[in-house]
*Asks:* 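Following this message is one structure expressed as structure tokens.
In what follows, residues are counted from 1 in the order of the sequence shown.
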Amino acid sequence: METTSVSKFLLPFLCFALFSSILVVHSAVTYDSKALLINGQRRILISGSIHYPRSTPDMWEDLIQKAKDGGLDVIETYVFWNVHEPSQGNYNFEGRYDLVRFVKTIQKAGLYAHLRIGPYVCAEWNFGGFPVWLKYVPGISFRTDNEPFKRAMQGFTEKIVGMMKSEHLYESQGGPIILSQIENEYGKQSQLLGAVGKNYVNWAAKMAVEMGTGVPWVMCKEDDAPDPVINTCNGFYCDKFTPNRAYKPRIWTEAWSGWFSEFGGPIYKRPVQDLAFAVGLFIQKGGSFVNYYMYHGGTNFGRTAGGPFITTSYDYDAPLDEYGLIRQPKYGHLKELHKAIKMCERALVSTDPVVTSLGNFQQAYVYSTKSGDCAAFLSNSDSKSAVRVMFNNMHYNLPPWSISILPDCRNVVFNTAKVGVQTSQMEMLPTNTQMFSWESFNEDISSLEDSSAVAITATGLLEQINVTRDTSDYLWYITSVDIGSSESFLRGGELPTLIVQSTGHAVHIFINGQLSGSGYGTREDRRFRYTGPVNLRAGTNTIALLSVAVGLPNIGGHFETWNTGILGPIALHGLDKGKLDLSWQKWTYQVGLKGEAMNLASPNGISSVEWMQSALVLQKNQPLTWHKTYFNAPEGDEPLALDMEGMGKGQIWINGESIGRYWTTTATGNCNGCSYAGSFRPPNCQLGCGQPTQRWYHVPRSWLKPNHNLLVVFEELGGDPSRISLVKRSVSSVCADVSEYHPNFKNWHIDSYGKSEEFHPPKVHLHCSPGQAISSIKFASFGTPLGTCGNYEQGTCHSPASYAILEKKCIGKRRCIVTVTNSNFGHDPCPNVLKRLSVEAVCAPTAAN
Ligand code: GAL
């Protein structure tokens with residue numbers, strides 16, 4: 001029979017396949033001085049941080065695939081203890097916290113994973129990843145040679161390692177995890193603590209290694225990492241880093257791709273030319289593992305942001321933006337860098353470099369093997385000048401602060417300062433989504449005066465986290481003051497002044513139910529003093545102070561002991577008797593808001609109060625108000641955000657899921673432009689001064705249903721909810737800026753992986769997102785244009801054909817290519833001048849959309 005003969009024919013193959021799959025043995029991951037060895041092979045690995053709780057599970061696959069397409073081999077994540085063990089012994093690995101699913105998604109994409117267990121993670125994450133209950137374990141002291149702490153740390157580490165093992169997720173078991181981290185940047189602490197710190201590091205290393213994962217452990221920024229743990233580097237640059245033993249590889253666990261923001265501060269950008277240069281220098285000097293921190297920063301949903309004052313957005317200027325969209329040119333330029341590095345991989349891992357000087361700031365690193373591989377890196381660390389160097393009897397032009405990569409020791413396939421890929425400008429566009437009529441509910445503070453309704457009464461001031469255990473950002477401190485009718489301020493004299501000393505992070509002062517002022521600390525100094533006039537009346541006055549925590553500290557020596565809240569002194573000045581100290585009065589406390597207790601943000605709790613049509617509410621801009629509305633989800637698949645510009649400060653929920661804290665406070669800083677060349681530090685490259693630090697708040701598509709989505713906003717200060725709108729993020733225009741061929745500089749073009757073509761005429765590539773096409777050419781100039789994407793201007797030389805050529809080739813198309821040569825533009829608009837083509841093309845939805 002037919003089937004029998006087929007199976008007879010297949011049988012030997014099936015047996016062979018079965019047998020060989022049994023034979024695939026996954027050996028342990030090891031290392032030597034050059035690199036990590038996976039299945040016995042040294043590898044140059046490019047990695048990127050994507051923290052699973054900072055996006056939603058249905059974004060994971062796309063993010064990881066984009067990372068893979070961007071040339072990454074490894075995805076790194078911390079493990080966030082406080083979301084997994086919200087109360088002692090009760091674990092949560094669901095939804096955004098489904099670590100196993102995340103690691104399996106990495107595996108499915110064919111990438112490796114680096115699991116940084118910590119469990120201290122820093123990461124601008126609430127309390128550095130520690131659960132708040134841990135602070136209340138008797139006798140505990142964090143991150144030191146302390147038994148209760150070590151017991152808890154070991155317990156959680158074992159829990160995670162056990163989970164990974166039982167799911168066969170270590171490389172040694174056939175899984176994707178090739179590396180793991182214990183602790184995080186302990187070096188400075190260890191030095192401060194001396195012998196105790198050293199004991200703790202030794203204990204942590206031994207504890208981790210004894211777990212027998214079959215993959216190496218690293219400790220970042222810990223020069224004393226005991227064998228076999230590898231000490232690794234974190235920073236903007238790591239080319240000067242060497243591990244503590246000659247037999248350990250050079251690993252860069254955090255190559256900072258940008259920087260985080262704090263409310264009130266600017267946005268930081270790191271130019272990709274500088275990031276690529278830093279990575280190039282590291283690889284040139286024998287580095288074999290680079291992890292971008294972050295590759296996708298994402299969002300600090302809920303109350304997960306660290307602090308104080310870390311923004312809800314953790315965009316980080318990463319190659320994938322907060323919303324998971326590709327950030328150009330960062331993403332594309334790094335992708336080209338990764339290709340170039342991979343072309344050199346065999347040479348890099350096989351031999352030591354020969355280093356020669358090509359000038360004061362110029363060097364050649366040549367990796368040349370006996371088997372004939374040769375890769376060269378030519379670097380110019382002069383931040384001011386381009387230099388023409390001679391290498392192997394050839395001339396090479398090195399732009400300032402750049403590295404050229406020559407995978408065959410002859411041809412430049414990539415220079416870190418020459419960005420060939422397009423720049424995309426992103427825009428937040430209206431969605432036409434109607435918010436159905438707004439309703440509001442005033443957080444009821446009248447009963448606060450009635451101490452029977454509140455939880456705690458004490459003489460004096462209590463530390464905030466001791467009372468709230470961080471179950472809410474809010475803690476009310478309430479007291480009363482009797483004012484005699486003879487006080488002179490009641491008869492037109494100057495109002496008394498209230499002075500409140502707080503240890504952080506913010507306070508709103510209510511006098512007899514009226515907001516009378518607010519005070520804020522900063523991330524650098526949480527403590528602050530509020531001073532303001534108070535409108536008291538004759539008789540009994542209620543002073544209610546709403547102290548607000550805005551993310552618990554995630555960094556600093558023994559931050560678990562730092563205080564939050566109002567610890568005083570608190571005093572009234574300017575009464576007839578002078579000063580009245582309130583610090584040691586009777587104070588009553590209420591943890592959280594009434595609306596929180598009633599679960600007003602959730603679809604189930606929403607009907608527990610009488611809401612008022614906002615249009616009917618007399619007092620607009622009412623502080624401490626809950627607002628709610630419903631909306632239908634917009635069509636399409638662009639990422640969504642809420643524009644909160646018309647609001648003040650508070651929190652947002654959609655269908656009961658917390659979008660996070662919002663605050664539209666204005667960014668102050670120094671936004672005076674930034675150059676890619678020279679040692680990068682975040683203050684050098686600031687953006688957004690004079691605007692709210694964070695205006696838009698990511699609404700994950702997966703949290704929406706098609707209709708009737710519940711949006712709840714709690715506003716602390718007062719704002720106009722009717723100004724809140726849902727916007728979508730999309731590419732608004734794309735720019736390219738490419739130089740013509742110059743006889744002194746060879747423009748090499750990587751066409752596909754590993755193939756380079758000589759003297760390929762330079763081309764401008766433009767492409768809009770799917771569903772879009774180029775609708776107009778906003779700017780085009782072949783000549784000597786000036787400026788950057790969004791602000792191009794014509795220079796002294798300009799080909800009159802520029803617009804016509806671009807329009808002809810690009811309008812109506814999703815992507816187009818234009819060659820940068822004189823002939824393409826009819827004639828040379830200025831002979832003997834090196835010209836460039838700068839273009840900005842507008843992307844608009846195609847008719848079908
Ligand atoms: C590092 C730390 C990271 C993160 C980073 C700044 O020092 O290890 O967790 O906090 O700084 O974004």
Side-chain angles (χ1 to χ4, degrees), residues 54 124 258-269 297-305 307-318 321-325 327 424-433 435 438 506 518 520 522-523 550-551 621 625 627 629 631 634 638-654 658-671 682 685-701 703 711-733 790:
R54 285 178 158 146
E124 290 71 68
W259 203 241
F260 58 85
S261 296
E262 58 195 80
F263 286 116
I267 306 297
Y268 301 103
K269 297 270 166 191
T299 310
N300 294 313
F301 294 113
R303 299 169 55 246
T304 61
F309 300 115
I310 296 292
T311 52
T312 296
S313 168
Y314 197 63
D315 178 85
Y316 222 89
D317 194 30
D321 72 13
E322 176 179 4
Y323 300 85
L325 299 177
R327 170 170 277 128
S424 305
Q425 302 257 76
M426 308 304 288
E427 217 176 32
M428 294 303 204
L429 298 172
T431 56
N432 300 328
T433 301
M435 298 288 172
W438 281 96
S518 300
Y520 306 95
T522 61
R523 180 166 164 80
V550 193
N621 267 329
T625 304
H627 301 283
T629 189
F631 65 93
E638 300 96 336
L640 301 172
L642 283 171
D643 181 349
M644 298 298 287
E645 208 188 11
M647 301 298 283
K649 179 178 184 301
Q651 293 180 38
I652 311 168
W653 296 262
I654 287 188
S658 174
I659 298 287
R661 300 186 182 99
Y662 71 89
W663 193 8
T664 53
T665 183
T666 305
T668 52
N670 175 356
C671 295
C685 289
Q686 307 184 16
L687 255 89
C689 300
Q691 320 267 328
T693 303
Q694 190 178 349
R695 172 174 169 188
W696 292 289
Y697 295 80
H698 182 200
V699 175
R701 280 263 180 193
W703 290 359
L711 165 60
V712 176
V713 172
F714 174 68
E715 168 62 51
E716 295 169 19
L717 300 169
D720 180 0
S722 68
R723 286 182 57 198
I724 297 176
S725 71
L726 195 68
V727 295
K728 58 183 181 188
R729 186 167 172 85
S730 62
V731 174
S732 61
S733 67

*Asks:* Are S313 and Q694 linked by a side-chain donor-acceptor pair shorter than 3.5 Å?
*Replies:*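 No, Q694 and S313 have no side-chain donor paired with an acceptor closer than 3.5 Å.
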*Asks:* Once you round to the nearest 0.5 Å, how far does CG of L325 lie from CZ of R729?
*Replies:*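 So the CG of L325 and the CZ of R729 are separated by 6.5 Å.
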*Asks:* Is it true that the side chains of E715 and T625 contain a donor and an acceptor less than 3.5 Å apart?
*Replies:*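 Note: E715 and T625 side chains miss the donor-acceptor criterion.
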*Asks:* Within the 4.5 Å heavy-atom criterion, are Y520 and V550 side-chain neighbours or not?
*Replies:*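 No, their side chains stay 4.5 Å or more apart.
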*Asks:* Tell me whether S733 contacts the main-chain N or O of Q425 through its side chain, where contact means a donor paired with an acceptor under 3.5 Å.
*Replies:*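 No.
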*Asks:* Determine the minimum heavy-atom distance between Q651 and Y662, stating which atoms define it.
*Replies:*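 Heavy atoms only, the tightest pair is N-CE2, 3.3 Å.
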*Asks:* With a 4.5 Å cut-off on side-chain heavy atoms, are R701 and L640 touching?
*Replies:*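 They are in side-chain contact.
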*Asks:* For the residue pair A318 and G297, what are the closest heavy atoms and their distance?
*Replies:*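 Reported closest heavy-atom pair: CB-N, 4.0 Å.
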*Asks:* Is any side-chain heavy atom of F631 closer than 4.5 Å to a side-chain heavy atom of I654?
*Replies:*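 Yes - at least one pair of side-chain heavy atoms lies under 4.5 Å apart.
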*Asks:* Under 4.5 Å between any side-chain heavy atoms of Y697 and T299, yes or no?
*Replies:*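 Side-chain contact under 4.5 Å: no.
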*Asks:* So, Y323 versus W696, ring centres under 6.0 angstrom or not?
*Replies:*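 That pair fails the under 6.0 Å test.
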*Asks:* Counting C-beta onward and ignoring hydrogens, is there a side-chain heavy-atom pair between M647 and H627 closer than 4.5 Å?
*Replies:*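 Yes. Closest side-chain heavy atoms under 4.5 Å.
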*Asks:* For side-chain contact (heavy atoms from CB on, under 4.5 Å), just list the numbers for D317 and R327, CA-CA rounded to whole Å, side-chain angles, deciding distance to a tenth of an Å, and then say yes or no.
*Replies:* CA-CA 8 Å; D317 194 30; R327 170 170 277 128; 3.3 Å; yes
*Asks:* Checking the side chain of D643 only, and the main-chain atoms of S725 only, is there a donor and an acceptor separated by less than 3.5 Å?
*Replies:*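 Flag not set: sc D643 to bb S725 has no pair under 3.5 Å.
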*Asks:* Could you pull out the closest heavy-atom pair between G265 and T693, with the gap in Å?
*Replies:*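 Nearest heavy atoms, G265 then T693: O-OG1, 2.8 Å.
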*Asks:* I want to check something: taking the side chain as every heavy atom from C-beta on, are M435 and L726 in contact at a cut-off of under 4.5 Å?
*Replies:*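 Sidechains of L726 and M435: in contact.
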*Asks:* E124 versus N300: any side-chain heavy-atom pair under 4.5 Å?
*Replies:*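 No - every pair of side-chain heavy atoms lies 4.5 Å or more apart.
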*Asks:* Does any part of the side chain of M426, heavy atoms only, come nearer than 4.5 Å to the side chain of V731, both counted from C-beta?
*Replies:*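 Yes, at least one pair of side-chain atoms sits under 4.5 Å.
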*Asks:* Here's a test for you: under side chain to side chain contact (heavy atoms under 4.5 Å, CB included), which of L642, V712, V699 qualifies with I652?
*Replies:*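 It is L642; the other options fail the test.
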*Asks:* Distance check, rounded to the nearest 0.5 Å: F263 atom CZ versus T312 atom OG1?
*Replies:*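 Taking CZ in F263 and OG1 in T312, the distance rounds to 4.0 Å.
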*Asks:* Quick check: closest heavy atoms across G688 and C671, and the distance to 0.1 Å?
*Replies:*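 Closest pair (atom of G688, atom of C671, distance): N-SG, 3.8 Å.
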